[in-house]
Number of protein chains: 2
Amino acid sequence: MLNQNVSNTVAALPCTSCLRHSACLGACVQDAVGAEGENACITTMTLQRGQPLFRAGDAVDAVYIVQSGALKSRRHSYNGEEEIVAFRLPGDSVGLDAIGNREHGTEAVALCSTRVCQVPLTTLRREVHASPAVASHLLDDLGREIGQLQEHLRDERRTAQVRIAAFLLAQLQRRRRLFGAQIDRFTLPMTRIDVGRFLGLATETVSRMFTRLQTDGVIACEGNSVQVLDSTMLARLADVAESFQPLARVA
Amino acid sequence: MLNQNVSNTVAALPCTSCLRHSACLGACVQDAVGAEGENACITTMTLQRGQPLFRAGDAVDAVYIVQSGALKSRRHSYNGEEEIVAFRLPGDSVGLDAIGNREHGTEAVALCSTRVCQVPLTTLRREVHASPAVASHLLDDLGREIGQLQEHLRDERRTAQVRIAAFLLAQLQRRRRLFGAQIDRFTLPMTRIDVGRFLGLATETVSRMFTRLQTDGVIACEGNSVQVLDSTMLARLADVAESFQPLARVA
DNA sequence: ACGGGGCCTTGACCCCGATCAAGAACGGGG
DNA sequence: CCCCGTTCTTGATCGGGGTCAAGGCCCCGT
């Protein structure tokens, strides 16, 4: 039961040496501030599994970018259950959804050992005016956030199997974008419980769908390690909808 | 079957005389551009019921603000069904969800005779740099958009009755903010079909929930005109969840 | 090695809401 | 005025997935 609010601030590597430099809002801000040899505005922090980056109700004073690891953005539903709004993987911005608010409405929690870069909001605000590149990058990230939510909303109306398939496919594609073209094996940083709370499914249903995909030979998994055996089939299950051949394929 | 793409451009009233001046992104931009006596940058348009403001795939070249009437922002789900992402009422921005993209991912269609103000994107982009007020207002609107989507996502996991109750309550509160404190009667600009496609429910279910709320004495309605008889009860139904006493109240 | 607490899986049951079907009410156009 | 398409309502049926229950697994701390 990790619950400490502490987070270790460590020396930041210069943004220019970061692998994700070109797609990172923070690096963009850093460039705008000016190359003073090192990171004038960006702090790096490491979180342990279960450790919050910020909590609901905290003042909004910074935006974060995931460098490695993973987080979940969550809130509490009316009946007190955890409800996961998004998973944040390397390159993602965290905390943007609170822009325009004074307090965070969601909280971000590390799913595993995770390193994030922190960009102070004052700096971001200032550079939005000073630099068209920063403004454009910020709008892009906000647009992506909105797009993700709309996509998520669309998912909510599909069957459990389709949702799981789409989820796994998205994870796969994400890894490919991050690590290379033809990865077919990856580790899910989140539990089945988390997946359920993200997709709006009971844990048992998530589990059942995983087993079904395995018996159908679409994936193989061992714990949180997933291998996609038949990505074509996975894509078909995720997209076509209305292809409810539960287990038996039509002969 | 209205399907014309034409929209009538009419002379704009000066923003300063608009009732929603203070809360309007467009007015904010107009103020920043400078009071040249009239609206240098803002165009007003009137749409008829069924007429699109823009279509999915259209180039993103402006943001709109609803002056009167109502629209729906929609997209197509994978199986081709209409899926409603948001309803836009007076004061709402339309098209912001495409910021950061080159093409609209959703399309906006008028639900009734509707007047909107158009703010060209080039102007908006320029003023974001020039004016802190505009930048701040834009971020606020984007934050609101994100907040709405997150809220919508939360709704999707509740029972039909709760969703309908929450929807009606939101509509009521919205009218009160627009028109005055103690309104209890309003007209829904959208059909039951639209409500269903917004909430992810079958039309029949929407209809049944409306009847249930009526027989329970929570609302009275006649066509699209809704009167809230017991707003306390409505709020209770919308919030508390887990209060599934389908029809029979516990004695 | 042992105990305990998460996490995962599988089975059985049942309820909410989708779907199918049919009719009523409404509204606009000829 | 009637006709016809759309919307709304109500009933009947069925199945996807939530819920409850039980057991196995894994990891961690002692």
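Just so we're on the same page: letters track the sequence lines, and every chain starts at 1. The figures that follow rest on heavy atoms only: side chains count, while hydrogens, waters and symmetry mates do not. None of these values were measured; they are calculated from a predicted model.
Rounded to whole Å, atom C1' of C:dA18 lies 18 Å from atom CD of B:Q161. Atom CD of A:E81 is separated from atom C1' of D:dG18 by 12 Å (rounded to the nearest Å). Atoms CD (A:E156) and C1' (C:dG17) sit 16 Å apart, rounded to a whole Å. As a whole-Å value, the separation of B:R163 CZ from C:dC16 C1' is 10 Å. If you take CG of A:L111 and P of C:dG6, they are 18 Å apart, rounded to a whole angstrom. When rounded to the nearest whole Å, the span between CZ of B:R212 and P of C:dG17 equals 8 Å. Between B:I164 atom CD1 and C:dG17 atom P the separation is 10 Å, expressed in whole Å. Between the P atom of C:dT9 and the CG atom of A:L213 lies a distance of 12 Å, rounded to the nearest Å.
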Per-nucleotide protein contact string for nucleotides 7-13 of chain D, where B marks a base within reach and S marks sugar-phosphate only (heavy atoms under 4.0 Å, - for neither): SSBBBB-
Could you list the donor-acceptor pairs under 3.5 angstrom formed between side-chain atoms of residues 172-183 of chain B and any protein atom two or more places apart in sequence or on another chain?
from	atom 1	to	atom 2	distance (Å)
B:R174	NH1	B:D92	OD1	3.3
B:R174	NH1	B:D92	OD2	3.1
B:R174	NH2	B:P90	O	3.0
B:R174	NH2	B:D92	OD1	2.9
B:R175	NH1	B:T187	O	3.4
B:R175	NH2	B:Q171	OE1	2.8
B:R176	NE	B:A181	O	3.3
B:R176	NE	B:I183	O	2.9
B:R176	NH2	B:I183	O	3.2

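In summary, A:R88 and A:E145 engage in a salt bridge, as defined by a charged side-chain N under 4.0 Å from a carboxylate O. Between B:D194 and B:R197 there is no salt bridge, since no side-chain nitrogen of the basic residue lies less than 4.0 Å from a carboxylate oxygen of the acidic one.
Here the side chain of B:H76 pairs no donor or acceptor atom with the backbone of B:T106 at under 3.5 angstrom. Not a single donor-acceptor pair under 3.5 Å links the side chain of A:N101 to the backbone N or O of A:H104.
The residue B:A202 sits close to a base: some heavy atom pair falls under 4.0 Å. Nucleic acid contact class of A:G200 (heavy atoms, under 4.0 Å, all strands): sugar-phosphate only.
Judged by distance alone, the side chains of B:R212 and B:Q161 do bring a donor and an acceptor atom under 3.5 Å apart.
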